[in-house]
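Below, all heavy atoms of this structure are taken into account, side chains as well, without hydrogens, waters or symmetry copies. Every chain is numbered from 1 and lettered A, B, ... according to where its sequence line falls, protein lines coming before strand lines. Bear in mind the structure is a predicted one, so any value in this text is a computation, not a measurement.
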Amino acid sequence: MTDTRIDPSVVDDRGRFDPSTADGRWQRAWAEAGTFTADSDSAKPKSYILEMFPYPSGRIHMGHVRNYTMGDVLARYQRMQGFEVLHPMGWDAFGMPAENAAMEKGVHPGGWTRQNIAQMKAQLQRIGFALDWTREFATCDPEYYGHEQALFVDLYEAGLVYRKESTVNWDPVDMTVLANEQVIDGKGWRSGAEVEKRKLNQWFLKITDFADDLLEGLDNLEDWPEKVRLMQENWIGKSQGLEFSFDLSNGDCVPVYTTRPDTIFGASFVAVAADHPVAQALAMNNCEVASFIARCKKGGTTAAELETAEKLGFDTEISARHPLTGADLPVYIANFVLMDYGTGAIMGVPGHDQRDFDFATKYALPITRVVASDPARADDPFAGEAEAGDGVIVNSGFLNGMSVDDAIQAVITRAEGEGWGTGRTVWRLRDWGVSRQRYWGTPIPFIHCDACGVVPVPKAQLPVTLPDDVNFDIPGNPLERHPTWKHADCPQCGKAARRETDTLDTFVDSSWYFLRFASQPADRPFDPEEVAKWMPVQHYIGGIEHAILHLLYARFWTRALAHIGKITVKEPFAALFTQGMVTHEVYSYVPENPSQIAVEEELKGNVTHRHVFEQFLDPSQVDMNTKRRVNDPPPTANSAGVAIGHKWAPQSEIQVGEFLIFPNVLETGEPVKVGRVIKMSKSKKNVVDPDAIIARHGADAVRWFMLSDSPPERDLPWSDAGIEGCSRFVQRLWRLFSAYDANAAGEDKSLDRKTHQTIAAVAADIEALGFNKAVARIYELTGAAEKAAPSASRSAAIRALVHLAAPMMPHLAEEVWAKMGNTTLIADAPWPDVDPALLVDDEVTIAIQHMGKLRDTITAPKGASKDALEALALASVNLQRSIDGAAVRKVIVVPDRLVNIVT
RNA sequence: GCGGGUGUGGCGGAAUGGUAGACGCCGGGGACUUAAAAUCCCCUGAUCUUUGAUCGUGCUGGUUCGAGUCCAGUCACCCGCACCA
C-alpha cells in the first residue's frame, strides 16, 4: 500500500467540493505513486481489463468516455478486491482519416496523428482513468508495426498467408481504390464517377482454416453476450449442401452448389456469374453478352448493395439438363450470382428463395411449390414472395412427404450413389483480404523479384518503415509513386526488385495489440511467459459494431499465433461486454432565406424539401431557455435578449409541464427544430465535448453521469439536466461526508442492514456490469444515511459510501478519505467486508391478491408458514370485500411473497 | 435484401413468471431568504362516480391462479454485412 503522506491541510475545506483543484491533485498523486502501474511479478491474482483502444481522430468523444469509465470502474473495483490489475491504453493509429486530413489540409498523416494522440491523451488524463500509461503505444510506431511485420512473415512461412485475385471498388476518374464507405449510391465520394468492380492481386490470411475451431470456440465463451455469439455463428455460416453439375446443351457442364438440395425438383433455371467461364466464353463472340457483363461490373461491391440492386439477367439460350427430371432449364447470366461464392453458378428455385423468386417473376420463369405446410396444400399459390421456411416436401418424386432435413440427406445420398453429385460442407466465411492500396498503414514486408517471385523481407531488415517524404496532391497510393522507396534488392538473389506497396488492413493492427500491452520486449513482439501471466483479457469492453469483424479477426489471429507456437492461449477475450452509444437530440433550422415557408411546413410536420436548406446546429448554439406559461402571450425576446418577434412560431414550441419552450438559435432567435435522439456525430453536430463538461462540472460528475440511469448495453441520451443532477449529487455526497464523525456512538440496526445490503449489492452489480443499478443503490444508501441520526452506525454507513463511490467518483473519494485523516490512497484500500447476518430482513411485505389482482399488503415475519400466511390474508378486510362472499376454490401461497385467493 | 438486437410514465430506466413504475431527471406545491442561488420537505402513469375502483409495459392473439417477463404473429427503430474504425 502506498503511503502518499497527503497533508490534510491542503484539502479544500470550504462548503463545496472543488473539482477544479481536487481532480488534478489526485491525478498527480496517483501518477507519482505509480498506483496503476501493473506489476507482472506481483503475487496477487491477476486481472486484465481492456477497452477497445481508440482511433486518434482528434478529440475524445462521449462514447469513449462512457466506454473507458466502465472499464475504469471495473479496474478500480478489482484492485480493491485484491487483484493485480492490468488496465492499459494505446492508439489504433493507422487508417484513412489521417490520409483524408492530408489531402484536405496538406498535413502529414503522421504529424496529424501524433498531434491528435497528444491531445486525446491529455483529455483522458483529465478524467482520472486508472490506466497504466507506462505501456502506452500507437500502432503507427515502427516498434509496433515492425513486430507485426515479423508475425506476418511467420504466418506466411506457416502457410497461412497467400495471394489471389479479388474485386475492389475502382474509381475510374481518381484512378484509385475506394473503401466501401467512400462509395455513395454507387459513385465515388470525391469524383462522383460511377464506381466499377476491378480485379487486383491481393494478400489474404487463411481464416477459413480455423472456421471450425472459431465456431466451436463460441460454445465456451459463456461470458460473451449471446447475441454476439449468434452473429459470429451466422457469419461463419457452416452449412451442409450438395455440389453437382448441369450438363449444358453446348457440351459444357456447370458445377453448382446449393444448401437446399431438398428443393431440387423446384429448380426452374440455372444462373451463372458475369465473370463465370461460361459467360466469358460467350462474350468472346457475342457483343450483346459482353455489354451485359460490362453492365454487371458497374456499382459497388458490398453485400447490401448487391442484394438490393435490381436483379438483371441475360438469357444465354443455352439449356441445362436437370439431373433428376431430365427437363431442360434455361441458363442465364445474372448480376446477383457472385463468382467468389460457391462455384459461381446456382440452380434457381424461385418458390423457396427470395432472390430467385424476384428473378423468376421478372423473367416470367415458372415458380413451382416443392415445400408446403401440409401435403394437402401442395398446389397452394404463393402470396407474392418465396417461402424459405420449414415444411413437407411435395411435387418432388421420391422426396414427397419428407421433412426438409430428411430430404436434404436423401438427395445427397442419391446423388453420391448415382455419381452425379457430392455432399459438401461449406462456410459462408471467406478468407480475410488484408491488402490496402494506401500509405498510412503497416507496409506488407515482401519483395517482388522477377527471378525469385515473392520473397519475405528478412527479419533482420525489419521494420520496413514508411517513407516520410510523401505527398497527397494526387489520389492513389503514395508508396506506389514514391521515387525510391519501392526499389529494393531481392533478399534471395540480390538483384534489383520491387517492394510490395500494399499496406495491411488496420484490423490486423487491432488483432494482437492486447498481447503487446501484456508484454513489450524490444527484440520480439511479446514474451510468451509474460503474456501467459495476463491473458486472456478478463473483461473486454467496446461497441456492438465490432461484434463480428474485429472480434473474429482477433480470435483468429490469436489462434494463428498459438498454432505456430508463439503463445499458449487460443481465445483472447474471456468476457466481452458491448456498450451502447451516447446519443443526443439533433437541432436544425432553415435560414430565413430562401424559404420561411419551408420552416413552417416542417414545423407543422409537413415534410418538404427541407434537407436542401437544413442547417444542423451545435447544442451550444441552441437556446432551450426561452419559455412561457401555457396561457401567457408569445415571447418577444429569447433568453439572450435577442428580439424574436415575427420569428416565433407556435408550432415549434415544446410543452414541458406547465411551460412551453421555444427552442431557437441563441444568436438570431430563429426557430429550431428539435429532431430525434441519435448517436452523436460530427455531421449532425449533436456532439457534446467532454472537455467543456469536465471544466464545468469536474471529472466525477461526468463519470457518474456515464454510469447512471441507462443500462450500459443500451444507448445513453446525453442531457444537460442529467449532468447537472450528477453534479448536485457530487456535492450532496460531499456534504454527507462532511458530517462524518468518527466518534459518534449508538447503534442503528436498520441502517446497518441497509449498509451491508448495499455493499453486497453494489459489488454484485459492478461484477455484472450493472452500473446503473449500483448507482441507484448508492442513491438509496445516501438518502438513508442523510435521514439517520448521528450514531456509530451512521458513521459506518458514511465510511462504506466512500468506498462504494471510490471506483466511480475517485477524486471525491480520495478527497474525503484524506479529510477523514487517512494518509493512504483509497485507490489502495480494500473493498469493505459484509456481515452476512445483516443481509436478511426479519420482516417481509406480503402481497394479497384476489384472482391475481392486488387487494392488500400485509407485513409478516420472514419465513412464516403457508397456513399462517393464508390465515393472515383471509383476515384482510379489503380482500373480503373483493371476494364478496364467493366460495374460495384455491389458495396459492408463495412464501415471503404473496397469497393469491382464487374463487 | 440477409443476420442480430431494442420497445415500460413527460424523460432515462427498475422489476428470480408473483405488489409494474425502485432510483434519477423534468414539472408542481411549500419551507428557509429582504431577494436570488443553494438546500430541505411534500406531490407527481391515465381515467372515474376518488375512504375506492378501472385501465396501463409498441400492436394482435395464446399459455397460466397470476405475464413487462413465456409462446405465435405483427409494427417501429437501432447495429452489422467482409476496404470506416
Which residues share a ring-ring contact (aromatic ring centres under 6.0 Å, His included) with W704(A), sequence neighbours left out: F729(A), Y779(A)
Report which part of the nucleic acid [X] touches: base, sugar-phosphate, or nothing (heavy-atom distance under 4.0 Å, all strands).
X: E545(A); answer: base
X: R777(A); answer: nothing
X: S57(A); answer: nothing
X: A721(A); answer: sugar-phosphate
X: N772(A); answer: sugar-phosphate
X: R855(A); answer: sugar-phosphate
X: F729(A); answer: nothing

Interatomic distance, E307(A) CD vs rA82(B) C1' [rounded to whole Å]: 12 Å
Value in whole Å for how far the P atom of rA85(B) lies from CD of E99(A): 10 Å
Paired and unpaired positions of RNA chain B as dot-bracket, Watson-Crick or G-U wobble under 3.5 Å, | denoting a partner strand: (((((((..(((.....[....))).(((((.......))))).((((...))))..(((((..]....))))))))))))....
Presence of donor-acceptor pair under 3.5 Å, side chain of Q202(A) and base of rC83(B): yes
Any donor-acceptor N/O pair under 3.5 Å between rG12(B) base and D709(A) side chain: yes
Donor-acceptor contact present, side-chain H352(A) to main-chain E387(A), <3.5 Å: yes
Exercise: identify the closest heavy-atom pair between A760(A) and L839(A): CB-CD2, 3.9 Å
Aromatic ring pairing F210(A)/F556(A), orientation class (parallel under 30°, perpendicular over 60°, tilted between): perpendicular
Does [X] have a side-chain nitrogen or oxygen under 4.0 Å from the phosphate oxygens OP1 or OP2 of [N]?
X: N180(A); N: rA82(B); result: yes
X: R436(A); N: rC83(B); result: yes
X: K773(A); N: rA15(B); result: yes
X: T506(A); N: rA85(B); result: yes
X: R714(A); N: rA14(B); result: yes
X: K853(A); N: rC55(B); result: yes

Per-nucleotide protein contact string for nucleotides 36-50 of chain B (B base, S sugar-phosphate only, - none; heavy atom under 4.0 Å): ---SS----------
Minimum-distance nucleotide (side-chain atoms of K227(A) versus rU16(B), rG5(B), rC83(B)): rG5(B)
